[in-house]
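Beneath this line is the structure, given in structure tokens, with notes to follow.
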Amino acid sequence: MKTLLQRTIQDKEVNLYPVWLMRQAGRYMPEYMAMKEKSNGFLDMALTPSKAAEITMQPIKEFDMDCAIIFSDILIVNYALGQELDYTPGPVLGPYSEDFWNTSDSDFYLKCEPVYDAIRIVREELDDSKSLIGFAAAPYTICKYMCGEEWNLNSYQKLDVVKKLVPWIIEHLCLQIEAGCDTVQIFDSHACDISEDDFYEYVIEPTKQIVDVIRAHYPDVCIIAFPRLVGTKINDYIEQVNPDAINISDDLPVDEINAEVIQGGISVKRLIRGEDITPVLNKMKDRPYIVNLAHGIHKTTPVEHVRQLINTTKMYRKHFGA
């Protein structure tokens with residue numbers, strides 16, 4: 001049985017409106033804050049499988065969303081390659097080192113294993129009608145965090161880091177799929193920093209490599225990509241990277257985006273204010289569309305506004321018999 005997300009992405013079915021939200025398991029939920037209070041920081045929650053699994057399931061139990069996304073972080077790759085990582089509360093990373101590239105496959109797996117264990121727990125608990133999403137950041141975004149104060153590396157050195165990250169990101173995504181994810185999302189949160197001249201080398205080409213390998217090894221897995229706030233460059237990205245679905249920001253009218261399957265685009269501020277999303281659903285009628293935001297849920301978002309968005313979506317799609 002395919003999930004609503006798979007039917008939308010793979011079969012291009014319209015008017016199903018599967019709904020999930022980036023950062024749906026997070027600080028706006030009292031249940032999350034209760035877990036945070038009894039935990040020893042973010043990494044303790046993300047790397048303790050039982051805690052990560054419980055947090056992942058919190059919004060599913062509260063709102064009955066159509067998809068779960070594993071509670072983790074894009075910087076787990078940095079951590080697994082040996083970079084110091086802490087959250088106080090935001091991410092604080094140790095200095096860049098060439099030693100990162102000497103990491104063995106077994107050491108990388110050992111540090112990431114709690115993520116895969118959490119995925120196994122969630123997949124066992126999650127209803128088969130719901131998708132489980134794994135994720136990683138794109139090479140450029142990880143590179144920017146990884147280099148930190150060393151960001152004054154010359155362009156050749158930075159591009160070398162981007163290229164070296166590709167196989168590790170592929171490994172992390174493949175292991176999440178093996179653990180039970182039927183969908184993966186590639187976040188390029190800092191793609192907006194790159195000029196048009198450098199966009200192909202730093203963003204398009206390395207991400208295309210990841211998509212091509214995942215698709216070749218796991219043809220039944222849905223691949224969503226999110227190059228955040230890249231403006232009109234998104235159309236070159238869609239054509240060349242060729243993900244199964246594209247998550248859009250709110251910087252460009254949807255009619256200017258040349259993608260068959262679109263996810264997201266709903267303003268985070270719109271959710272905070274509790275505005276009706278029916279105009280968005282009307283706009284995407286008769287198109288394969290996944291209801292989501294233009295970025296992650298903000299911690300100040302009222303819980304009832306999230307519930308309203310989910311319920312509005314479900315009521316709307318009932319008219320189409322979904």
Side-chain angles (χ1 to χ4, degrees), residues 22 72-88 90-105 107-108 111-112 134-176 184-214 223-243 246-249 251 295-296:
M22 290 180 283
S72 185
D73 193 79
I74 61 172
L75 299 180
I76 292 298
V77 168
N78 302 55
Y79 167 79
L81 289 172
Q83 188 164 28
E84 294 175 11
L85 175 62
D86 196 10
Y87 293 82
T88 56
V92 178
L93 290 143
Y96 171 80
S97 171
E98 286 291 327
D99 289 340
F100 297 161
W101 314 118
N102 298 324
T103 302
S104 67
D105 288 347
D107 285 347
F108 183 87
K111 284 196 167 183
C112 292
F135 68 91
Y140 174 72
T141 287
I142 294 183
C143 173
K144 185 158 187 182
Y145 281 107
M146 178 174 276
C147 294
E149 293 180 3
E150 302 296 322
W151 195 241
N152 58 0
L153 296 173
N154 64 47
S155 59
Y156 173 81
Q157 291 170 312
K158 286 186 284 189
L159 188 57
D160 185 56
V161 171
V162 166
K163 290 177 178 179
K164 285 176 175 175
L165 281 164
V166 169
W168 294 108
I169 295 167
I170 291 172
E171 179 80 358
H172 187 43
L173 289 171
C174 287
L175 289 167
Q176 291 179 75
V184 292
Q185 178 152 319
I186 302 168
F187 289 85
D188 213 346
S189 305
H190 291 286
C192 53
D193 298 347
I194 293 292
S195 69
E196 194 159 349
D197 290 342
D198 292 332
F199 196 71
Y200 180 83
E201 276 193 312
Y202 283 87
V203 175
I204 289 178
E205 176 58 23
T207 312
K208 175 177 167 51
Q209 290 178 37
I210 295 167
V211 169
D212 287 350
V213 171
I214 297 295
I223 305 170
I224 307 169
F226 182 26
R228 183 170 174 259
L229 293 172
V230 297
T232 56
K233 296 194 291 292
I234 197 168
N235 288 321
D236 286 337
Y237 182 102
I238 291 164
E239 181 181 356
Q240 297 180 68
V241 174
N242 191 29
I246 193 85
N247 196 104
I248 63 172
S249 305
D251 61 330
H295 196 41

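Residues Asp236 and Phe199 are not in side-chain contact: their nearest non-hydrogen atoms beyond the backbone lie 4.5 Å or more apart. Within the 4.5 Å cutoff, the side chain of Tyr202 has no heavy atoms near those of the Pro139 side chain. Side-chain atoms of Asn247 and Met22, non-hydrogen and from C-beta on, do get closer than 4.5 Å to each other. Side chains of Ile214 and Cys174 form a contact here, defined as non-hydrogen atoms less than 4.5 Å apart. With contacts defined as side-chain heavy-atom distances shorter than 4.5 Å, the pair Asp198/Tyr140 does not qualify. Using a 4.5 Å heavy-atom cutoff, the side chains of Tyr237 and Thr207 are in contact. Put simply, the side chain of Ile246 does not reach to within 4.5 Å of the side chain of Val241, judged on heavy atoms. Residues Tyr79 and Asp73 form no side-chain contact, since every pair of their non-hydrogen atoms from C-beta on lies 4.5 Å or further apart.
No more than 12 heavy atoms of other residues, nucleotides or ligands sit less than 6.0 Å from atom CD of Glu84. At most 12 heavy atoms of other shown residues, nucleotides or ligands fall within 6.0 angstrom of atom NZ in Lys163.
Closest approach of Pro206 to Glu201, counting heavy atoms only: CD-O, 3.1 Å. Closest approach of Ala136 and Ile74 over heavy atoms only: C-CG2, 4.4 Å. Nearest heavy atom pair, residue Leu229 against residue Ser249, reads N-OG, 2.8 Å. Closest approach of Gly231 to Asp251, counting heavy atoms only: N-OD2, 3.0 Å.
Atom NZ in Lys233 sits 8.0 Å away from atom SG in Cys192 (nearest 0.5 Å). Atoms NZ and SG, on Lys158 and Cys143 in that order, are 8.0 Å from each other to the nearest 0.5 Å. One distance of note links CD1 of Ile76 with CD1 of Ile142; it measures 10.5 Å at 0.5 Å rounding. Between Tyr145 atom OH and Asn78 atom CG the span is 9.5 Å, to the nearest 0.5 Å. Rounded to the nearest 0.5 Å, atoms CG (Asp188) and CZ (Phe226) are 10.0 Å apart. Annotation: the span from Glu171 atom CD to Ile210 atom CD1 amounts to 12.5 Å, rounded to 0.5 Å.
Between the side chain of Asp86 and the main chain of Val92, no donor-acceptor pair closer than 3.5 Å is present. Listed for the Gln83 side chain is a donor-acceptor partner under 3.5 Å among the backbone atoms of Gly94. Looking only at distances, a side-chain donor or acceptor of Ser97 sits under 3.5 Å from a matching main-chain atom of Asp99.
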query = Given Thr141 and Arg228, is the side chain to side chain contact (heavy atoms under 4.5 Å, CB included) satisfied, shown in steps?
reply = CA-CA 10 Å; Thr141 287; Arg228 183 170 174 259; over 6 Å; no

Q. Between Asn242 and Val211, is a side chain to side chain contact (heavy atoms under 4.5 Å, CB included) present by the stated rule, with each step listed?
A. CA-CA 8 Å; Asn242 191 29; Val211 169; 5.6 Å; no

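Using a 30° and 60° split on the angle between ring planes, Phe108 and His172 fall in the perpendicular class, above 60°. In this pair, Tyr96 and Trp101 present their aromatic rings tilted. The plane angle is within the 30 to 60° band. Using cut-offs of 30° and 60° on the angle between ring planes, the pair Phe187 and Phe135 is perpendicular.
Using a 4.0 Å cut-off between charged side-chain N and carboxylate O, Glu98 and Lys164 make a salt bridge.
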